[in-house]
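Keep in mind that this is a model prediction, so the values were computed, not measured.
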Amino acid sequence: MASVDECRQALHDLASRLERHADVGQRIDLDRTLACRVTDLDTAFHGRITGGRLVDLADGDDPKAKIALITGSDDLVALVQGQLDITKAVASRRVSIKANPFDLMKLRKLL
């Protein structure tokens, strides 16, 4: 099981990667709050996705977030490191994403 610090670092790594690629190609038109709930650690993180970037990352849940990513710690780290395919993870219910269908289509471009 990955630690809270490893999950936090994985999200910061994802934010850095998105930042590097935000201006490459077509900009993602998405401005939504995001909550990442890590089930096996009983912890959460929140931030905002805007312009293809993940910003304002902080500890704690945002129950009103428009997008919620729910997963275990090991799966979160594996997703960010590219070791777990998001489509397969959702299909096998290792990862759950709660968002409206239009936001899901835009998120696929980011992940």
Side-chain angles (χ1 to χ4, degrees):
M1 176 176 7
S3 69
V4 172
D5 288 335
E6 289 171 316
C7 291
R8 184 182 300 111
Q9 185 60 51
L11 289 172
H12 284 285
D13 291 348
L14 176 61
S16 295
R17 187 172 55 216
L18 291 175
E19 179 68 31
R20 286 192 304 271
H21 298 290
D23 293 325
V24 177
Q26 190 172 352
R27 182 170 282 207
I28 304 297
D29 179 30
L30 185 65
D31 188 6
R32 300 285 186 272
T33 52
L34 168 75
C36 178
R37 300 177 184 130
V38 185
T39 55
D40 58 336
L41 297 177
D42 196 30
T43 194
F45 305 94
H46 67 275
R48 181 169 206 81
I49 298 174
T50 183
R53 293 174 169 87
L54 178 57
V55 297
D56 302 330
L57 275 172
D59 289 6
D61 198 0
D62 178 358
K64 294 182 181 180
K66 298 293 183 186
I67 300 170
L69 173 70
I70 304 155
T71 188
S73 59
D74 287 338
D75 290 335
L76 174 62
V77 172
L79 277 171
V80 172
Q81 293 177 347
Q83 299 168 344
L84 179 62
D85 178 71
I86 187 68
T87 305
K88 292 178 183 176
V90 169
S92 65
R93 297 185 179 178
R94 291 172 65 180
V95 173
S96 173
I97 301 175
K98 295 182 180 179
N100 77 47
F102 297 111
D103 289 349
L104 283 173
M105 290 171 42
K106 291 178 182 180
L107 280 173
R108 286 185 53 165
K109 295 178 183 178
L110 290 177
L111 301 172

*Asks:* Are Ile67 and Leu104 connected, step by step, through hydrophobic side chains (Ile, Leu, Val, Met, Phe, Trp, Tyr) whose heavy atoms are closer than 4.5 Å?
*Replies:* yes
*Asks:* Holding to side chain to side chain contact (heavy atoms under 4.5 Å, CB included), I want the full list of residues that pass it with Val90, two or more places apart in sequence or in another chain.
*Replies:*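 Testing Val90 for side chain to side chain contact (heavy atoms under 4.5 Å, CB included), a comparison that skips the adjacent residues, returns Ile86, Val95, Ile97.
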*Asks:* Would you mind reporting whether Cys7 and Thr43 have side-chain heavy atoms less than 4.5 Å apart?
*Replies:* no
*Asks:* My understanding is that only residues two or more places apart in sequence, or in another chain, count here; which of them pass side chain to side chain donor-acceptor pair (under 3.5 Å) with Ser73?
*Replies:* Asp40
*Asks:* Please answer: with hydrophobic residues joined when any side-chain heavy atoms are less than 4.5 Å apart, are Leu84 and Leu54 in the same cluster?
*Replies:* yes
*Asks:* Return the set of residues passing side chain to side chain contact (heavy atoms under 4.5 Å, CB included) with Asp42 (not counting sequence neighbours), or none when no residue passes.
*Replies:*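 Partners of Asp42 by the side chain to side chain contact (heavy atoms under 4.5 Å, CB included) criterion come out as none, since no residue qualifies.
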*Asks:* Enter the distance from Asp61:CG to Phe45:CZ here, rounded to the nearest 0.5 Å.
*Replies:* 11.0 Å
*Asks:* What about Met105 and Leu107, same hydrophobic cluster or not, with Ile/Leu/Val/Met/Phe/Trp/Tyr joined at side-chain heavy-atom distances under 4.5 Å?
*Replies:*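 Not linked; separate clusters.
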*Asks:* Look up atom CD1 in Ile70 and atom CZ in Arg37, then write down how far apart they are to the nearest 0.5 Å.
*Replies:* 5.5 Å
*Asks:* Considering only residues two or more places apart or on different chains, which pairs with a residue in residues 84-94 satisfy side chain to side chain donor-acceptor pair (under 3.5 Å)?
*Replies:*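 Found Asp75-Arg94.
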*Asks:* Within this structure, what is the NE2-CG distance for the pair His46 and Leu34, rounded to the nearest 0.5 Å?
*Replies:* 10.0 Å
*Asks:* Measure the CE-CG distance between Met1 and Leu41 for me, rounded to the nearest 0.5 Å.
*Replies:* 6.0 Å
*Asks:* Going by side chain to side chain donor-acceptor pair (under 3.5 Å), name the pairs with one or both residues in residues 63-72, residues two or more places apart or in two chains.
*Replies:*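 Every pair satisfying side chain to side chain donor-acceptor pair (under 3.5 Å) with a residue in residues 63-72: there are none.
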*Asks:* Would you name the heavy atoms of Val38 and Gly72 that are closest together and state the gap between them?
*Replies:* CG1-C, 4.0 Å
*Asks:* Output all residues satisfying side chain to side chain contact (heavy atoms under 4.5 Å, CB included) with Asp56, sequence neighbours left out; order by chain, then residue number.
*Replies:*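 With sequence neighbours excluded, Asp56 shows a side chain to side chain contact (heavy atoms under 4.5 Å, CB included) to no residue whatsoever.
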*Asks:* Under the salt bridge (Lys or Arg N to Asp or Glu O under 4.0 Å) test, which residues partner Arg17, sequence neighbours left out?
*Replies:*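 Listed in chain order: nothing, the list is empty.
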*Asks:* For the backbone of Thr50 and the side chain of Asp31, can you confirm whether one donor and one acceptor N or O come within less than 3.5 Å of each other?
*Replies:*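 Checked: no pair found.
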*Asks:* Find out whether Leu69 and Leu76 are in side-chain contact, i.e. whether some heavy atom of one side chain is under 4.5 Å from a heavy atom of the other.
*Replies:* yes
*Asks:* Measure the CG-CG distance between Leu79 and Leu14 for me, rounded to the nearest 0.5 Å.
*Replies:*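 One finds 9.5 Å between CG of Leu79 and CG of Leu14.
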*Asks:* What residues, two or more places apart in sequence or in another chain, satisfy side chain to side chain contact (heavy atoms under 4.5 Å, CB included) together with Ser3?
*Replies:*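 Ser3 satisfies side chain to side chain contact (heavy atoms under 4.5 Å, CB included) with Asp5, Glu6 only.
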*Asks:* For Val80 and Ala10, work out which heavy atoms get closest and say how close.
*Replies:* CG1-O, 3.2 Å
*Asks:* Within the 4.5 Å heavy-atom criterion, are Leu30 and Phe102 side-chain neighbours or not?
*Replies:* no
